[in-house]
*Asks:* 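Supplied in structure tokens, the structure appears directly below.
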Amino acid sequence: MLSNKRIQELELVMEFEKVEECFKEVSSWIENVGRKWLKETVNLDDSLEMLLQAQKQFKEFDLVASEYCKRGQEALKKMNQWEDFSFVDAHSYRVKLQTYGDQLEEFCTQLDETRHRVCETVRLYEFFDKVRQGICCTEEGVKS
């Protein structure tokens, strides 16, 4: 039984190393690409045309970012089995998993918030553009 338990622990460590490679890739992308991109979308342009262009670019980024979030979340799910093991070395792995999980959760939340903000800003600009056009048409009708 002890031998079986040790074999399971070794298999889990080997699995963790595979998952950790995935996390390192996801984490590196988040830090080097994802966060920079989200910071750039803080200041959205003042015209509807420029805003629609920014929205298009964000959608392309969002597809890639969502894929990285999905990969990270799938890797976390694979490692849920760590909770069942109590061997001494597991603590350092759990800490790493928690760090990766926190980083991933924070980035995915920021991505969701930015997606919502961009969408709402476009809707607001489209509304104001319609209002402006309506006012212009009304003013032309009054002048006639």
Side-chain angles (χ1 to χ4, degrees), residues 1-140:
M1 286 177 61
L2 187 58
S3 176
N4 286 343
K5 183 178 178 183
R6 292 290 179 212
I7 289 172
Q8 286 179 325
E9 291 171 357
L10 288 173
E11 288 172 350
L12 201 53
V13 169
M14 289 171 32
E15 179 69 21
F16 179 81
E17 289 173 356
K18 290 178 191 174
V19 170
E20 188 174 32
E21 285 302 313
C22 175
F23 273 125
K24 284 180 180 179
E25 183 182 335
V26 170
S27 179
S28 175
W29 186 89
I30 287 172
E31 291 304 317
N32 298 320
V33 178
R35 289 194 194 283
K36 290 178 183 177
W37 229 97
L38 289 179
K39 285 180 183 178
E40 290 176 11
T41 58
V42 169
N43 297 322
L44 296 171
D45 292 310
D46 291 337
S47 71
L48 180 57
E49 183 181 314
M50 295 298 288
L51 186 59
L52 289 172
Q53 184 178 351
Q55 182 185 37
K56 181 182 175 190
Q57 292 171 346
F58 179 78
K59 284 182 178 182
E60 292 169 4
F61 164 77
D62 189 28
L63 287 173
V64 174
S66 294
E67 184 61 33
Y68 275 97
C69 288
K70 182 180 173 183
R71 286 176 56 202
Q73 290 165 344
E74 287 173 358
L76 275 177
K77 286 180 186 176
K78 286 182 183 178
M79 297 316 297
N80 281 342
Q81 58 189 324
W82 277 92
E83 295 173 6
D84 298 337
F85 286 85
S86 59
F87 60 96
V88 177
D89 294 344
H91 177 71
S92 63
Y93 294 112
R94 284 190 195 108
V95 170
K96 286 181 182 182
L97 283 173
Q98 184 65 44
T99 301
Y100 288 133
D102 291 347
Q103 179 195 35
L104 182 65
E105 182 180 341
E106 178 187 350
F107 177 77
C108 292
T109 299
Q110 289 175 345
L111 182 65
D112 289 341
E113 290 170 354
T114 303
R115 183 184 308 118
H116 179 73
R117 185 173 48 83
V118 167
C119 182
E120 289 301 309
T121 303
V122 167
R123 285 182 40 183
L124 185 62
Y125 270 71
E126 288 172 338
F127 172 76
F128 283 132
D129 193 52
K130 287 178 184 176
V131 169
R132 184 184 53 77
Q133 289 175 0
I135 290 172
C136 290
C137 291
T138 303
E139 288 176 353
E140 288 177 12

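Residue numbers start at 1 and run along the sequence shown.
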*Asks:* Kindly indicate whether the side chain of Met50, heavy atoms from C-beta on, has any atom under 4.5 Å from the side chain of Gln53.
*Replies:* yes
*Asks:* What I want to find out is whether Asp129 reaches Arg132 closely enough, with some N-O distance under 4.0 Å, to be called a salt bridge.
*Replies:* yes
*Asks:* Heavy-atom count check: over 12 atoms from other residues, nucleotides or ligands less than 6.0 Å from Gln73 CD?
*Replies:* yes
*Asks:* For the atom pair OG1 (Thr41) and CZ (Arg115), what is the distance rounded to the nearest 0.5 Å?
*Replies:* 11.5 Å
*Asks:* Roughly how far apart are Trp37 CH2 and Glu60 CD, rounded to 0.5 Å?
*Replies:* 8.0 Å
*Asks:* So, Ser66 side chain and Leu63 main chain: donor-acceptor pair closer than 3.5 Å or not?
*Replies:* no
*Asks:* Measuring from atom OG1 of Thr99 to atom CG of Leu104, what distance do you get when rounded to the nearest 0.5 angstrom?
*Replies:* 12.5 Å
*Asks:* Specify the closest pair of heavy atoms between Cys69 and Leu111, including all atoms of both residues, with the distance to one decimal.
*Replies:* SG-CD2, 4.2 Å
*Asks:* How many angstroms lie between atom CD of Glu126 and atom CG of Leu51, to the nearest 0.5 angstrom?
*Replies:* 8.5 Å
*Asks:* Rounded to the nearest 0.5 Å, how far does CD of Glu17 lie from CD of Glu20?
*Replies:* 7.5 Å
*Asks:* For Tyr100, what residues pass the ring-ring contact (aromatic ring centres under 6.0 Å, His included) criterion, not counting sequence neighbours?
*Replies:* Phe23
*Asks:* Please check if atom CD in Glu49 has more than 12 non-hydrogen atoms from other residues, nucleotides or ligands closer than 6.0 Å.
*Replies:* no
*Asks:* Considering only heavy atoms from C-beta outward, does the side chain of Gln98 approach that of Val95 to under 4.5 Å?
*Replies:* no
*Asks:* Which residue pairs pass the side-chain hydrogen bond (donor to acceptor under 3.5 Å, both in side chains) test with at least one member in residues 21-32, sequence neighbours excluded?
*Replies:* Glu25-Arg71, Ser27-Gln103, Ser28-Asn32, Glu31-Arg35, Glu31-Gln103
*Asks:* Which value, rounded to the nearest 0.5 Å, describes the distance between Phe107 atom CZ and Leu38 atom CG?
*Replies:* 5.0 Å
*Asks:* Could you pull out the closest heavy-atom pair between Leu76 and Leu97, with the gap in Å?
*Replies:* CD2-O, 4.0 Å
